[in-house]
Engineer: 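For reference, the structure I am asking about is given below.
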Amino acid sequence: MDFTFSQEQEILRDSARRFVEKECSIDYIKQFVDNKTSFTEEMWRKIAELGWTAVLIPEEYGGLALGFVELAVILEEMGRGPMPGPFISSVVLAGEAIRLAGSPQQKETYLTKMATGELKGTLAWAEPGDLNSLENITFTAHNAGESFTLNGTKIFVPDADMADFIICVAKTEEGTALFLVEKEDPGIEINALHTMDRTMNLCEIVFKDVQVPKNALLGEVGAATPVLRQILNKVNVAYSMDMVGGGRRVLDMGVEYAKTRVQFGQAIGSFQAIKHTCAELLMEVECSRSIVYYAAWAQEQEENEATLNASVAKTFSSDMYRKVTKEVLQILGGIGFSWEHELHIYLKRAKCLGALFGDAVFHRERVARELGY
């Protein structure tokens, strides 16, 4: 079995790495974290020109029709940045929801413009309480004849403030459904949440008697659960690959420091405690990388394979990212605690991404269920 990248995937990885290194330097990230700069439409245009926004979109709608493995190649490099912006929320959450559940007209209207970067979207899923359970959905969509009336609150919605439209998970009289809502519709209030990781935008959205037409329904009423399962599997794999890229960048940071920091007349990397720690962390990162790429491949296979491996990937990569940032902090010592050093950016991102769409505890339980326990 050949696990090497194809020539096209190698080219994609090299171009993604060059782009992230050029456009997403650590100085840019620090300014972003300090609120001295923000993600711009110009940056989104550059991403779209590379074709990244079109990776998963079918060719008939202007997309590249590539697989999830190709997307994972891009996400690994973005995680090394770490690159802020609405890429995962738009390409995976919104784009896949429309691709999987949308009508031909909805796909033509939205996917064609998402492929070129003209439109960005997101998915509003979580609600206060149990963040990862369909049974906890209290957001309602009332059938009012020629329209639906939406009421409720969604939290931890990625990049809602930058999206042009929002796909909402709602409970109707007939079952769970997805609704495609324009952000500017009357009755929608979007509030940015102040989270630990400032490279991410998470929002609360309050809907008060928001009227949407019948054609805002994405798919059929009561048929949202299988689509949601696929989307949530994919977004967990996407964030897992982001963590793999970040974990490798942090490890490289620690190894570089260990080679140049001198104590007792020699580099600290020559001490057994340091070099064995670095070796162990490399194994953690590479194991995570293999697991997540397999999970990316599995997303296009049978549903059981996709669900199990998505949770395995999220569990392993979450634990890995936190461990790597913690251990490299010990290697760096006092300098790692300083605000001037970039390690704190990755440490906070590790904690935030590890919890988003289900933490390691949630996914371990999910793995156990998939195994029949």
Side-chain angles (χ1 to χ4, degrees), residues 9 12-56 66 68 70-95 114 117 120-122 158-163 192 195-203 234-253 285 288-289 292 296 317 321 324-325 341-354 356-357:
Q9 289 168 337
L12 181 62
R13 181 178 64 175
D14 291 342
S15 65
R17 181 165 298 183
R18 288 195 302 269
F19 179 81
V20 172
E21 289 176 351
K22 177 183 176 182
E23 302 291 343
C24 192
S25 67
I26 198 61
D27 290 335
Y28 169 81
I29 294 297
K30 286 182 177 179
Q31 290 180 3
F32 194 95
V33 170
D34 293 338
N35 295 321
K36 295 179 181 178
T37 188
S38 59
F39 191 85
T40 62
E41 288 298 323
E42 180 184 2
M43 180 68 79
W44 186 251
R45 178 182 56 78
K46 291 179 180 179
I47 290 173
E49 288 175 352
L50 290 169
W52 294 359
T53 55
V55 166
L56 298 180
L66 298 177
F68 214 80
E70 284 73 26
L71 181 68
V73 170
I74 297 170
L75 291 171
E76 182 180 4
E77 298 306 320
M78 294 180 89
R80 291 174 66 92
M83 192 166 193
F87 185 76
I88 291 178
S89 58
S90 188
V91 172
V92 180
L93 288 175
M114 294 181 76
K120 300 185 292 293
T122 188
D159 308 304
D161 52 347
M162 291 186 280
T195 59
M196 177 184 296
D197 178 15
R198 295 185 185 178
T199 62
M200 293 192 66
N201 285 348
L202 297 177
C203 301
K234 289 182 176 183
V235 78
N236 274 301
V237 174
Y239 282 127
S240 295
M241 187 51 75
D242 186 296
M243 290 190 280
V244 168
R248 183 54 195 258
R249 174 68 186 93
V250 171
L251 175 58
D252 291 345
M253 193 187 304
V285 172
S288 289
R289 190 169 184 267
V292 179
S317 59
Y321 204 3
V324 170
T325 51
H341 201 279
E342 62 263 35
L343 179 61
H344 68 91
I345 297 171
Y346 294 89
L347 193 149
K348 293 172 182 176
R349 190 170 178 85
K351 292 186 176 182
C352 187
L353 289 184
L356 200 59
F357 292 98

Engineer: Taking only residues two or more places apart in sequence, or in another chain, which ones meet E342 in a salt bridge (Lys or Arg N to Asp or Glu O under 4.0 Å)?
Structural biologist: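 For E342 the salt bridge (Lys or Arg N to Asp or Glu O under 4.0 Å) partners, ignoring immediate neighbours, are R249.
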Engineer: Looking at every non-hydrogen atom in both residues, tell me the closest pair between C24 and I29 and how far apart they are.
Structural biologist: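 C24 and I29 have their closest heavy atoms at SG-CD1, 3.3 Å.
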Engineer: Excluding sequence neighbours, so at least two apart, what forms side-chain hydrogen bond (donor to acceptor under 3.5 Å, both in side chains) with E41?
Structural biologist: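 For E41, the residues satisfying side-chain hydrogen bond (donor to acceptor under 3.5 Å, both in side chains) (neighbours in sequence not counted) are K120.
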Engineer: For the atom pair CE (M83) and CD1 (I47), what is the distance rounded to the nearest 0.5 Å?
Structural biologist: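 These two atoms lie 4.0 Å from each other.
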Engineer: For K348, I'd like to know if atom NZ has over 12 heavy atoms of other residues, nucleotides or ligands within 6.0 Å.
Structural biologist: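 Check passes, neighbour count above 12.
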Engineer: Looking only at heavy atoms, what is the nearest atom pair of G354 and M243, with distance?
Structural biologist: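 Closest approach of G354 to M243: N-SD, 4.1 Å.
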Engineer: Using only atom types and a distance under 3.5 Å, with no angle test, would you say the side chain of S90 pairs donor to acceptor with the backbone of F87?
Structural biologist: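 Here the side-chain-to-backbone pair does not exist.
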Engineer: Testing the basics here: between P158 and L93, what is the closest heavy-atom pair and its distance to 0.1 Å?
Structural biologist: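 For P158 versus L93, the nearest heavy atoms are CG-CD1, 3.9 Å.
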Engineer: How about S288 and Y321: do any of their side-chain heavy atoms sit closer than 4.5 Å?
Structural biologist: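 In short, these two side chains do not touch, never coming nearer than 4.5 Å.
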Engineer: According to side-chain hydrogen bond (donor to acceptor under 3.5 Å, both in side chains), does anything in residues 18-29 pair up with another residue at least two apart or in another chain? List the pairs.
Structural biologist: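 Residue pairs with at least one partner in residues 18-29: E23-K46.
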Engineer: Are any side-chain N or O atoms of Y346 and backbone N or O atoms of G81, one a donor and one an acceptor, separated by less than 3.5 Å?
Structural biologist: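 The answer is yes, because a donor-acceptor pair under 3.5 Å joins these two groups.
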Engineer: Do the charged groups of R289 and E76 touch, with an N to O distance under 4.0 Å?
Structural biologist: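 Salt bridge: yes.
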Engineer: Got a sec, which residues hit salt bridge (Lys or Arg N to Asp or Glu O under 4.0 Å) with D252, two or more places apart in sequence or on another chain?
Structural biologist: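 Partners of D252 by the salt bridge (Lys or Arg N to Asp or Glu O under 4.0 Å) criterion, ordered by chain and then number, come out as R80, R248.
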Engineer: Applying side-chain hydrogen bond (donor to acceptor under 3.5 Å, both in side chains), can you list everything that pairs with T325, at least two apart in sequence or on another chain?
Structural biologist: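 Applying side-chain hydrogen bond (donor to acceptor under 3.5 Å, both in side chains) to T325 gives none.
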Engineer: According to the interplanar angle, ranging from 0 to 90°, do the rings of Y239 and F357 count as parallel (below 30°), tilted (30 to 60°) or perpendicular (above 60°)?
Structural biologist: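 Taking F357 first and then Y239, their aromatic rings lie parallel (interplane angle under 30°).
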Engineer: Restricting to salt bridge (Lys or Arg N to Asp or Glu O under 4.0 Å), what partner residues turn up for D242, sequence neighbours left out?
Structural biologist: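 By the salt bridge (Lys or Arg N to Asp or Glu O under 4.0 Å) rule, D242 matches R349.
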Engineer: For C203 and T122: C-alpha separation, side-chain torsions, deciding distance, then whether side chain to side chain contact (heavy atoms under 4.5 Å, CB included) applies.
Structural biologist: CA-CA 11 Å; C203 301; T122 188; over 6 Å; no
